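Okay, structure first, notes after.
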Number of protein chains: 2
Amino acid sequence: MTRTHENVRDSPEGKYEEPQTPEAGAVRVEEALKFLEGRWKLVILFKLFGGRVLRFSALERAIPGVSQKMLSQQLRQMERDGLVQRVVYPEVPPRVEYALTEWGQALCPALDALLRWASTRPASTDGS
Amino acid sequence: MTRTHENVRDSPEGKYEEPQTPEAGAVRVEEALKFLEGRWKLVILFKLFGGRVLRFSALERAIPGVSQKMLSQQLRQMERDGLVQRVVYPEVPPRVEYALTEWGQALCPALDALLRWASTRPASTDGS
DNA sequence: CTGTATCCCGTACGATACTG
DNA sequence: CAGTATCGTACGGGATACAG
């Protein structure tokens with residue numbers, strides 16, 4: 001599974017192409033990581049994983065320490081990036097619900113891979 | 001369905017334990033991501049993937065735009081984190097070689113998973 | 001050759017106040 | 001309720017100079 005590669009070219013669904021150079025690889029990973037950059041994005045992601053739907057105030061309550069500004073800002077970015085779906089109900093008082101997109105949900109396995117990797121870290125041999 | 005699997009507890013090799021709460025998951029992913037944070041870490045990583053061994057000046061030349069300060073700094077962090085091995089040859093002039101540790105090499109599949117995920121991103125429907 | 005020490009700056013983030 | 005506006009700050013990172 002972790003198969004780094006072999007013949008991926010001309011695969012029928014043909015979306016994913018192995019980066020051809022180390023530089024390209026680094027750049028593409030950086031681009032992927034940019035979707036996760038931001039003090040609160042991962043927290044939001046995990047609150048919404050599993051198809052959960054939360055409204056603004058619920059997220060605010062669920063995430064201790066976040067300010068309205070930051071919550072709003074990060075949600076907007078995630079929406080623009082296609083990670084999050086935002087649904088506005090034209091009511092009074094206003095209600096806005098947030099959920100992950102399919103693509104957002106699909107992040108889960110990749111994060112899992114990262115978690116698995118991190119969990120294999122050898123203990124430092126020196127006393128640092 | 002975030003839940004990729006079910007009973008992981010008491011697995012024989014028993015190293016990896018699924019995070020029990022969203023918060024824990026977010027925190028652990030953040031910790032994992034911290035190993036990759038830094039303007040030049042990924043570039044360095046990709047230069048060293050595949051078991052390549054490079055000395056300081058070689059990395060400097062291979063990474064356009066990096067300063068000695070940053071290169072040194074990021075390499076030190078990666079060394080402390082256990083991603084990179086640093087070998088000093090007590091010669092004149094000094095020679096220092098850098099390579100990835102096993103754990104560092106093992107990052108590759110996880111990054112691949114991230115790359116695959118990113119490659120499935122739907123095109124924006126709006127004109128942004 | 002392989003670094004460290006200073007100085008400087010942009011930006012991400014936090015706190016607070018205000019609005020439809 | 002669900003945000004935006006404004007201000008202040010901490011820190012990562014660039015440029016440059018110096019050192020073993």
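Everything numeric here is computed off the predicted structure, so don't read it as measured data. Order of the sequence lines sets the chain letters (A, B, ...), proteins ahead of strands, with each chain counted from 1.
A side-chain hydrogen bond (donor to acceptor under 3.5 Å, both in side chains) with B/Y98 is found for one member of B/E79, B/R55, B/R86 and no other, namely B/R86.
Here the side chains of A/T120 and B/W103 are in contact, with some heavy-atom distance below 4.5 Å. The shortest side-chain heavy-atom distance between A/L107 and A/L36 falls under the 4.5 Å cut-off.
Of all non-hydrogen atoms in B/A32 and A/A118, the two that sit nearest each other are CB-CB, 3.8 Å. Contact record, A/L115 with B/P19: CD2-CG, 4.0 Å, taken as the closest heavy-atom pair. Heavy atoms only, all atoms of each residue included: A/L54 and A/K47 are closest at CD1-O, 4.1 Å.
The nearest heavy atom of DNA chain C to B/P93 and to A/P94 marks one nucleotide each, and the one closer to the 5' end goes with B/P93.
The shortest distance between the side-chain N/O atoms of B/R55 and the OP1/OP2 oxygens of C/dT2 is below 4.0 Å. The phosphate of C/dC13 (OP1 or OP2) has a side-chain N or O of A/Q74 nearer than 4.0 angstrom. Proximity of B/S72 to the phosphate of C/dT2: no side-chain N or O atom is located under 4.0 Å from OP1 or OP2.
Remark: B/E30 CD to A/L114 CG distance equals 12.0 Å, nearest 0.5 Å. Separating the CZ atom in B/F46 from the CD1 atom in B/I44 is a distance of 12.5 Å, to the nearest 0.5 Å. Atom CZ of residue B/R28 and atom OG1 of residue B/T21 lie 9.5 Å apart, to the nearest 0.5 angstrom.
Of all the residues in residues 28-37 of chain B, not one reaches under 4.0 Å from DNA chain D with any non-hydrogen atom.
Relative to the axis of its first five pairs, the axis of the last five pairs of the helix from C/dC1-D/dG20 to C/dG20-D/dC1 sits at 40°, rounded to 10 degrees.
Read 5' to 3', the first and last nucleotides of DNA chain D with an atom closer than 4.0 Å to a heavy atom of chain B are D/dG13 to D/dG20.
The number of heavy atoms from other shown groups lying within 6.0 Å of CD (A/E91) is above 12.
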